[in-house]
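Structure, as structure tokens:
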2 protein chains.
Amino acid sequence: MIIEQKLVAALRGHKMKITPQRRFIFQALERGMYRHPTAEDIFRDVRQTLPDISLTTVYNTLRELVGMGLLRQVDLGEGMTRFDPNTDLHHHLLCMRCGRLEDIYIRFPCIALPADQTQGFTVTNHQVIFEGICPDCQIQPA
Amino acid sequence: MIIEQKLVAALRGHKMKITPQRRFIFQALERGMYRHPTAEDIFRDVRQTLPDISLTTVYNTLRELVGMGLLRQVDLGEGMTRFDPNTDLHHHLLCMRCGRLEDIYIRFPCIALPADQTQGFTVTNHQVIFEGICPDCQIQPA
DNA sequence: GTGAGTGCAAAATGTTTGCACTGGG
DNA sequence: CCCAGTGCAAACATTTTGCACTCAC
């Protein structure tokens, strides 16, 4: 319930309404936490308990959470956006064949942009995506 | 002409046909080399000299080049894919406000996944995306 | 001459929008 | 009671597909 409580508190802090839809979306995020769900994944999950929820509401809520910095958006060129409720600094390991995505918890202290290389940008964040082939796909014929 | 020649040679190597459409796409890539163009960008560029080219052909050609490893695909969650004709190992610096994308030519020797952290994956590649705000967007009101 | 490549239109996919209705505060 | 939030349908944007035609080899 950690995620749900955190998100509900954040909504309160932003004076936003705590609707059943949002609550169930938070629970789905909690359940799918290490699965990097898409909007569609969340939709399907919430639908099981709230059959009339609309995909629009899911998109709206996810967008708001991203805007508040409570959800990380992960884009991998699969044609859809995945969401990561784990906002701790971590990196990703992507299977190029099946799309499986795992978390990597290593710090790379050397990843920092020297001031003379920022081209005037204010850098706020960085992410590393490791690309490869997962164990399952290595076994299967290409 | 470096890019065009390289790509034409690659096509020959793969016994693929060198059509005018492909040639112009290569030239457009060459011209937009440091601009990380989208398929649409290439389409608009080539259209100026080859008004009847179809977007389908552009997509086909770009997909083939990516498949042959001659073009890098860059995904940033903007709803479209950008292509980077520069296949040298380099990283990216993205403006979160306007989408401007710059190249970063630094090596981060520490970015390597220890064998006990690969979760069985065969890692072939990695990319770093630095996120921030570009100089122009810093000046303008949010 | 032949099949890879092309162009067009249509479809598929993922996401956003307009708008009337509803219910949390 | 009021407006943020919701649901629906339609719109939108990007990319893919089916298929007949064409042209590089």
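Below, chains carry the letters A, B, ... as their sequence lines are ordered, and counting in each starts from 1. Just so we're clear, the structure is a prediction, and the values are computed from it rather than from any experiment.
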For D:dG7, does OP1 or OP2 lie under 4.0 Å from any side-chain N or O of A:Q21?
yes

Counting side-chain heavy atoms from CB outward, which of D:dC25, C:dT6, D:dG5 is closest to A:M16?
D:dG5

Taking only side-chain N and O atoms of B:T57, does any of them lie within less than 4.0 angstrom of OP1 or OP2 on C:dG7?
yes

If I take atom CG in residue B:L50 and atom P in nucleotide D:dC23, what distance separates them, rounded to the nearest angstrom?
12 Å

Atom CG of B:D41 to atom P of D:dT14: distance rounded to whole Å?
10 Å

Can a donor-acceptor pair under 3.5 Å be found between the side-chain atoms of A:T81 and the base atoms of C:dT15?
no

Is there a donor in the side chain of A:T57 and an acceptor in the side chain of A:N60, or the other way round, less than 3.5 Å apart?
no

Whole-Å gap separating P (C:dG5) and NE2 (B:H14):
12 Å

Take the protein atom CG of B:D52 and the nucleotide atom C1' of D:dC21, then report the distance between them rounded to whole Å.
14 Å

Between A:N86 and A:H36, do the side chains contain a donor N or O and an acceptor N or O under 3.5 Å apart?
no

So which nucleotide from D:dT15, D:dT6, C:dT16 ends up closest to the side chain of A:N60?
D:dT6

Nearest whole Å is fine: how far is C:dG14 C1' from A:F83 CZ?
11 Å

C:dG14 P sits how many Å from B:D75 CG, rounded?
14 Å

Looking only at the side chain of A:R22 (C-beta and beyond, no hydrogens), which of the listed nucleotides D:dT6, D:dA24, D:dT15 gets closest?
D:dT6

Give yes when the SG atoms of A:C137 and A:C98 are nearer than 2.5 Å, otherwise give no.
no

Could you go through the salt bridge (Lys or Arg N to Asp or Glu O under 4.0 Å) check for A:R31 and A:D45 one step at a time?
CA-CA 9 Å; A:R31 235 168 292 136; A:D45 183 322; 2.5 Å; yes

Measure CZ/B:R12 against C1'/D:dA24 and give the value in whole Å, please.
11 Å

Give a yes or no on whether a donor-acceptor pair under 3.5 Å exists between the nucleobase atoms of D:dC8, that is its base, and the side chain of A:T56.
yes

Taking the minimum atom-to-atom distance to the side chain of A:K17, which one of D:dT6, C:dT16, D:dA4 wins?
D:dA4

When rounded to the nearest 0.5 angstrom, what distance separates CD in A:E30 from CD1 in A:I25?
14.0 Å

Among D:dT15, C:dT16, C:dG24, the nucleotide that comes nearest once only the side chain of B:L55 is considered:
D:dT15

I want to verify a distance call: between D:dG5, D:dT15, C:dT6, whose nearest atom is closest to the B:Y59 side chain?
D:dT15

5' priority, DNA chain D, between B:I18 and B:E40 [closest heavy atom]
B:E40

For D:dT6, take OP1 and OP2 only and decide whether either is under 4.0 Å from a side-chain N or O of A:T19.
yes

In whole angstroms, how far is the P atom of D:dT14 from the CG atom of B:L62?
15 Å

Residue A:R100 excluded, over 12 heavy atoms near CZ under 6.0 Å:
yes

Report the nucleotide, chosen from C:dG25, C:dT6, C:dT15, that has the shortest atom-to-atom distance to any side-chain atom of A:A39.
C:dT15

